[in-house]
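All remarks here apply to the structure that follows.
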Amino acid sequence: MASIFTRIIKGEIPSYKVAEDENYYAFLDINPLAKGHTLVVPKKEVDYIFDLDDETLSGMMVFAKRVARKIKEATGCRKVAVVVLGLEVPHAHIHLIPMNNENDVDFHRAKLQLSPEEFKEIAARLSL
Ligand code: AMP
């Protein structure tokens, strides 16, 4: 069965898209740690990031760099954290999280509750 992220990429499940190219897709995390928390995924469905072939893995980081630059510019954060963790979705993904101090990237913290309008507005600001 296709992963939830493959279904998002195909448009079967809605998402707040930030960027897309032939091989990668970036969209807002629905349970964000901060406004602008974005997921970057390869269109190729592979569970574990280090099982990706070298070209897809390196291309994913270059794509993420473009997205992160935009997040930094749009949010004014000090840096954008790059996090790979979690076992929830079996489709490799990178979390990009606007960060002003290290506590901003604590996944045990309560997530933000944003309205659809807020998600849309953030996605529009981050859109490449
Ligand atoms: P993890 O595997 O721990 O990195 O968790 C997967 C991440 O995907 C979590 O941060 C979820 O909030 C996020 N997520 C799961 N489903 C969706 C969805 N439909 N749209 C956006 N983000 C999602």
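Note that ligands are numbered from 1 as they come in the structure, with each ligand's atoms numbered from 1 the same way.
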### Query
Is the Tyr25-Phe5 ring centre distance short of 6.0 angstrom?
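No.
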### Query
Are the ring centres of His91 and His93 closer than 6.0 Å?
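Ring-ring flag for His91/His93: false, centres at least 6.0 Å apart.
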### Message
Please report the interatomic distance NZ(Lys79) to CD(Glu102), rounded to the nearest 0.5 Å.
### Response
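Atom-to-atom, Lys79:NZ and Glu102:CD are 9.5 Å apart.
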Give the numbers and elements of all ligand 1 atoms closer than 4.0 Å to a heavy atom of [X].
{"X": "Leu87", "answer": "2 (O)"}
{"X": "Asn31", "answer": "11 (C), 12 (O)"}
{"X": "Val89", "answer": "2 (O), 6 (C)"}

### ligand 1 to Phe27 polar contact by distance, N or O atoms, under 3.5 Å
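It does not: no N or O of Phe27 is found under 3.5 Å from an N or O of ligand 1.
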### Query
What do you reckon, does Ile8 have a nitrogen or oxygen under 3.5 Å from a nitrogen or oxygen of ligand 1?
no
### Message
Please determine whether the number of non-hydrogen atoms from other residues, nucleotides or ligands lying under 6.0 Å from atom NZ of Lys65 exceeds 12.
### Response
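Counting neighbours around NZ of Lys65, 12 or fewer heavy atoms of other residues, nucleotides or ligands fall under 6.0 Å, so no.
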### Query
Would you find more than 12 non-hydrogen atoms of other residues, nucleotides or ligands less than 6.0 Å from Lys35 atom NZ?
no
### Query
Considering only the protein, which heavy-atom contact is closest to atom 16 (N) of ligand 1, and what is its distance?
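Checked against all protein heavy atoms, atom 16 (N) of ligand 1 sits closest to Ile4 CD1, 4.1 Å.
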### Task
Measure the distance from atom 3 (O) of ligand 1 to every protein heavy atom, then report the residue, atom name and distance (to 0.1 Å) of the closest one.
Gly86 CA, 3.2 Å
Looking at ligand 1, does [X] have a heavy atom less than 4.0 Å from it?
{"X": "Leu85", "result": "yes"}
{"X": "His93", "result": "yes"}
{"X": "Phe5", "result": "yes"}

For [atom], tell me which residue out of [options] has the closest non-hydrogen atom.
{"atom": "atom 20 (N) of ligand 1", "options": "Leu33, Ile30, Val41", "answer": "Ile30"}
{"atom": "atom 11 (C) of ligand 1", "options": "Val84, Asp29, Val83", "answer": "Asp29"}
{"atom": "atom 15 (C) of ligand 1", "options": "His95, His37, His91, Glu88", "answer": "Glu88"}

### Query
Hey, is Arg125 close enough to Glu121 for a salt bridge, meaning N to O under 4.0 Å?
yes
### Task
Select one of side chain, backbone, both or neither to describe which atoms of Leu39 lie under 4.0 Å from any atom of ligand 1, heavy atoms only.
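Answer for Leu39: side chain.
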## Note on the structure
Scanning both residues in full, the closest heavy-atom pair of Phe27 with Ile8 reads CE1-CD1, 3.8 Å
### Which atom of Asp47 lies closest to which atom of Val89, heavy atoms considered
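Distance-wise, the nearest heavy atoms are OD1-O, 4.5 Å.
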### Message
Do Ile9 and Leu28 sit in one hydrophobic cluster, given that two such residues count as connected whenever their side-chain heavy atoms are within less than 4.5 Å of each other, even indirectly?
### Response
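No; Leu28 is not reachable from Ile9 via cluster members.
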